[in-house]
2 protein chains.
Amino acid sequence: MVNNHSIPEPCCTLDISGADQKRLVAMFKALGNPIRFEIMKFLVTHPGCITADIVDYLPIAQATTSQHLRVLREVGLIEGVVDGPAINYHLNEETVCWFRSNIELIF
Amino acid sequence: MVNNHSIPEPCCTLDISGADQKRLVAMFKALGNPIRFEIMKFLVTHPGCITADIVDYLPIAQATTSQHLRVLREVGLIEGVVDGPAINYHLNEETVCWFRSNIELIF
DNA sequence: TACAATCATCGTATATTTACGATATAATGT
DNA sequence: ACATTATATCGTAAATATACGATGATTGTA
């Protein structure tokens, strides 16, 4: 399959690449799961709630919820603050801000 | 694991649910793949290019590229316009707009 | 110290995604 | 009609994601 026409010239440049792009894609991936999206929504409306609250709210097991929380933590979208034996979760506003501004670079 | 404290009151409401939420999550999922994100970037800078251009640009096979294009098409982020034997691809501006405004509902 | 509560991690089964070569389809040109 | 070009789809193998129960780790309390 040979392609005998030329690629159109780029009409513009895009200021995202490398590690930033990788991070952005990882965030999209994290948000591209119904359960994790639901967790994000729950944390927006219930900032500072603990894992057990999220477990109660979701239709899945505690172990699975913990895994999803880890994914969201790893991309930096949420943060957990130790509070005795529990953990208070909330959005990481700085990361969310970064996310929003990087999306605007493309769309 | 019994949870003897009460869930904090919601501090706000979120105006996304149902089919819209499902669609938004599907878009996040589509963008949460490095190859598909690269395709989106390429289409921003090279609107109207054909599949063969994208195949040339990417380090993967034609069949795989076609699959990724289908995913992006199915969530409505891109559109293909038949042009003889080839297909001109470009972003669906309306969908991108929808995507941006729905993200703003949450973040 | 023992126990209960909260959460994370381990091991593992199943489902989904990603990738490829081979093949089918559709349009164009000879 | 036949070959060529461009793309999509099929079948399938390998990798990754998702889910669960069981277990481990940590904190607070009796």
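Per chain, numbering begins at 1; letters A, B, ... match sequence-line order.
- Shown here is B:Asp15, whose CG atom has no more than 12 heavy atoms of other residues, nucleotides or ligands within 6.0 Å.
- Closest of all the heavy-atom pairs between B:Ile35 and B:Pro59 is CD1-CD, 4.4 Å.
- A salt bridge links B:Glu74 to B:Arg70: one of the charged nitrogens lies within less than 4.0 Å of a carboxylate oxygen.
- B:Leu43 and B:Cys49 make their closest contact through CD2-SG, 3.6 Å (heavy atoms, listed as atom of the first residue, atom of the second, distance).
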Show the distances under 3.5 angstrom between N or O atoms of the protein and N or O atoms of nucleotides 20-24 of chain C.
| unit_1 | atom_1 | unit_2 | atom_2 | d |
| --- | --- | --- | --- | --- |
| C:dC20 | OP2 | B:Ala61 | N | 2.8 |
| C:dC20 | OP2 | B:Thr64 | OG1 | 3.0 |

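- OP1 or OP2 of D:dT9 lies within a sub-4.0 Å distance of a side-chain N or O belonging to B:Arg70.
- Atom CG of B:Leu69 is separated from atom CD of B:Gln62 by 9.5 Å, given to the nearest 0.5 angstrom.
- Residues B:Leu14 and A:Leu77 are members of one and the same hydrophobic cluster, defined by side-chain heavy-atom contacts under 4.5 angstrom among Ile, Leu, Val, Met, Phe, Trp and Tyr.
- At the heavy-atom level, A:Ser66 lies under 4.0 Å from base atoms of the strands shown.
- For D:dA19, the OP1/OP2 oxygens have a side-chain nitrogen or oxygen of A:His68 closer than 4.0 Å.
- Hydrophobic clustering (ILVMFWY, side-chain heavy atoms < 4.5 Å, transitive): A:Leu105 and A:Val75 are in one cluster.
- Across all non-hydrogen atoms, the minimal contact from A:Phe107 to B:Arg100 is C-NE, 3.5 Å.
- Taken residue by residue, residues 73-95 of chain A places heavy atoms nearer than 4.0 Å to DNA chain D at A:Gly84, A:Pro85.
- The CD1 atom of B:Ile50 sits 13 Å away from the P atom of C:dT28 (whole-angstrom rounding).
- Put simply, CG on B:Asp56 is 13 Å from C1' on D:dT7, counting in whole angstrom units.
- Of all heavy-atom pairs spanning A:Trp98 and A:Leu24, the tightest one is CH2-N, 4.0 Å.
- No continuous path of ILVMFWY side-chain contacts below 4.5 Å connects B:Leu91 to B:Val71, so the two sit in separate hydrophobic clusters.
- A heavy atom closer than 4.0 Å to some atom of DNA chain D occurs in A:Lys29, A:Asn33, A:Arg36, these being the qualifying members of residues 20-48 of chain A.
- Between the CZ atom in B:Phe28 and the CG atom in B:Asn102 there is a gap of 9.0 Å [rounded to 0.5 Å].
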